[in-house]
Number of protein chains: 2
Amino acid sequence: MFKKVLIAEDHEIANISVQKTLEELGITENKYVYYCDHALSWIRNALRSGAPYELLITDLYFEDDHNEQQLSGGVELIKAVRELQPGLKVIVFSAENRPAIIDDLFKTLAIDGYVRKARRDAQHLKEALQAVCGHKTYLSPGLKQTGKGHNSHEFSSFDVTIISLLSQGILQKDIPYYLQQKGIKPSGLSSVEKRLNLMKEVLGFSKNEQLIAYCKDIGVI
Amino acid sequence: MFKKVLIAEDHEIANISVQKTLEELGITENKYVYYCDHALSWIRNALRSGAPYELLITDLYFEDDHNEQQLSGGVELIKAVRELQPGLKVIVFSAENRPAIIDDLFKTLAIDGYVRKARRDAQHLKEALQAVCGHKTYLSPGLKQTGKGHNSHEFSSFDVTIISLLSQGILQKDIPYYLQQKGIKPSGLSSVEKRLNLMKEVLGFSKNEQLIAYCKDIGVI
DNA sequence: ATTTTCCTTACGGGAAACCGTAATAGGATA
DNA sequence: TATCCTATTACGGTTTCCCGTAAGGAAAAT
């Protein structure tokens, strides 16, 4: 089992329980911080002193307060950690439940475990620690990886751009202009329409409003 | 200080910490439950046995699982409790931060304290316990301004119905039919358009897609 | 170089949304 | 009852969206 673990979690209540949970597993050499910047400092200092951390447990979203922070949240913290200590194991512990976002954590940031704050989260956290310690990955039960069912769609960056513009109130007929501004290659109105139609057809939708709601739900925008 | 307290909180991690926090204040005769229905049962039984609870600490939102529940969440639990034991003190402990909803708890359900799950929540919970014990009300710091910003909008159930229908792909021109089905009073297409225009004007939006995205963000649909 | 193929763009007719205005209904007041 | 006031509904013109078809253009294949 791990011996030296760093926990980044801004909620005091959650922080206390993670602490207690780790102690129950015999993990005692821990540091608990409430800010992302502090987490990075401790990782950097531990690395310099020759006794690096073995595991980082972090939340995704940290609330702003009077203390100005460089790192805005868990994603930026993990990115910074990856440059500093690429081998550090990372478990994300958050209430986020949108598959697209969680999936992206595994793919882009190569995290080792994701535990969702939910009914049995303390138990799940223990299971995650066991799994990650054995160099396996862990995902909370009930969170299916975006295994694309019959009606799901892999959103390209082009798709996301179009949907974002729509959700910002840009008229569909004006989207080509914005695409040209950004130098995005297919910029014709027909291409935009074609892509929107494809997305809606795959997902069984008929209106843009449905598409926006769906994308908000799964977290692609 | 209180002696007999009931805690209803589905997240194991949060539940553990509340437990520890109460123990630090010397409150030892507590019961911790993970479902609203269980909470109501324990309150009812304690009342019958002549040793009623003095305080209920409850979350607002409970996640559904395989156990079918009568009470859907904290609001329904508090309503049921009010009929059973009107004098019971109630502290709500939730991540909810929308002033309109929190205000409604104090006004409609006459709760005694609201502690938001945030950075210093364990400390705030202790403060709330002190305050409510002294028959005062408590509200987490940083939530005191109920003044709605210049561009915000209080969504009526009519608004939510319209927006829900749109997000389900119903054509705007077909919404009157659905409103009549449900027996909702203003059902004309012009009334729908008027209401949509009002919402968009207040929020500074121009398209329905923006409105859908906004409502998803703030959680009204 | 020519043809084929695929992708992008352009065009046009019909449906829906948008927006201002007018007609109607229901309730309150006198 | 008559009148006023408000809210709801109905209507028409314009814009935007929707969708099928056709034209243009680049890359690959022959």
Side-chain angles (χ1 to χ4, degrees), chain A residues 148 150-217 220-221, chain B residues 151-217 220-221:
Chain A
K148 352 188 176 323
H150 35 290
N151 51 357
S152 102
H153 173 70
E154 189 75 10
F155 288 88
S156 68
S157 71
F158 184 62
D159 297 336
V160 175
T161 302
I162 294 174
I163 294 171
S164 290
L165 290 171
L166 282 179
S167 73
Q168 290 163 25
I170 310 298
L171 290 179
Q172 195 166 308
K173 73 181 184 67
D174 294 333
I175 288 185
Y177 170 76
Y178 286 86
L179 292 178
Q180 286 170 8
Q181 295 275 332
K182 297 186 181 180
I184 295 175
K185 315 220 216 105
S187 67
L189 180 56
S190 289
S191 293
V192 173
E193 293 174 342
K194 178 185 169 187
R195 199 67 200 167
L196 281 170
N197 281 337
L198 172 67
M199 288 188 275
K200 284 184 280 191
E201 183 190 351
V202 170
L203 295 164
F205 295 160
S206 58
K207 303 287 300 175
N208 286 346
E209 285 90 335
Q210 277 178 291
L211 194 57
I212 301 284
Y214 175 79
C215 289
K216 277 289 179 188
D217 279 337
V220 303
I221 56 171
Chain B
N151 49 359
S152 91
H153 173 70
E154 191 77 8
F155 288 87
S156 68
S157 69
F158 184 64
D159 297 337
V160 174
T161 301
I162 294 174
I163 294 171
S164 291
L165 289 171
L166 283 179
S167 73
Q168 291 164 24
I170 309 298
L171 290 178
Q172 195 165 308
K173 75 182 182 67
D174 293 335
I175 287 184
Y177 169 75
Y178 286 85
L179 292 178
Q180 286 171 6
Q181 293 277 332
K182 297 186 181 180
I184 295 175
K185 301 281 201 51
S187 66
L189 180 56
S190 289
S191 293
V192 172
E193 292 173 343
K194 177 186 170 188
R195 199 67 200 168
L196 280 169
N197 282 337
L198 171 67
M199 288 188 273
K200 284 184 279 191
E201 183 191 350
V202 169
L203 295 164
F205 296 158
S206 58
K207 302 287 298 177
N208 286 345
E209 284 91 335
Q210 275 178 293
L211 194 58
I212 301 284
Y214 174 80
C215 289
K216 278 289 177 186
D217 279 339
V220 302
I221 57 170

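Atoms considered below: every heavy atom in the structure, side chains included; atoms not considered: hydrogens, waters and symmetry mates.
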Residues at least two apart in sequence or cross-chain that pass side chain to side chain donor-acceptor pair (under 3.5 Å) with B:S164, listed by chain then number, are none
Side chain to side chain donor-acceptor pair (under 3.5 Å) partners of B:D174, counting only residues at least two apart
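Partners of B:D174 under the side chain to side chain donor-acceptor pair (under 3.5 Å) test: none.
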Partner of A:L166 under side chain to side chain contact (heavy atoms under 4.5 Å, CB included), chosen from A:I212, A:L171, A:I221:
A:I212
Rounded distance in Å - [atom1] ([X]) to [atom2] ([N]):
X: B:K207; N: D:dT15; atom1: NZ; atom2: P; result: 14 Å
X: A:K200; N: D:dC19; atom1: NZ; atom2: P; result: 7 Å
X: A:I170; N: D:dC17; atom1: CD1; atom2: P; result: 11 Å
X: A:Q210; N: D:dC17; atom1: CD; atom2: C1'; result: 16 Å

Is the side chain of [X] donor-acceptor paired with the backbone N or O of [Y] at a distance under 3.5 Å, no angle test?
X: B:D159; Y: B:S156; result: yes
X: B:S191; Y: B:S187; result: no
X: A:E209; Y: B:E209; result: no

Please enumerate all residues that pass ring-ring contact (aromatic ring centres under 6.0 Å, His included) together with B:Y178, with sequence neighbours excluded.
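Expected list: none.
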The side chain to side chain contact (heavy atoms under 4.5 Å, CB included) partners of A:S190 (sequence neighbours excluded) come to A:E193
Near-strand residues of residues 161-169 of chain A, defined as heavy-atom separation under 4.0 angstrom from DNA chain C
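Close to the strand, none.
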I need the residues from residues 172-198 of chain A with at least one non-hydrogen atom less than 4.0 Å from DNA chain D; give them sorted by number, or say none.
A:Q172, A:K173, A:E193, A:N197
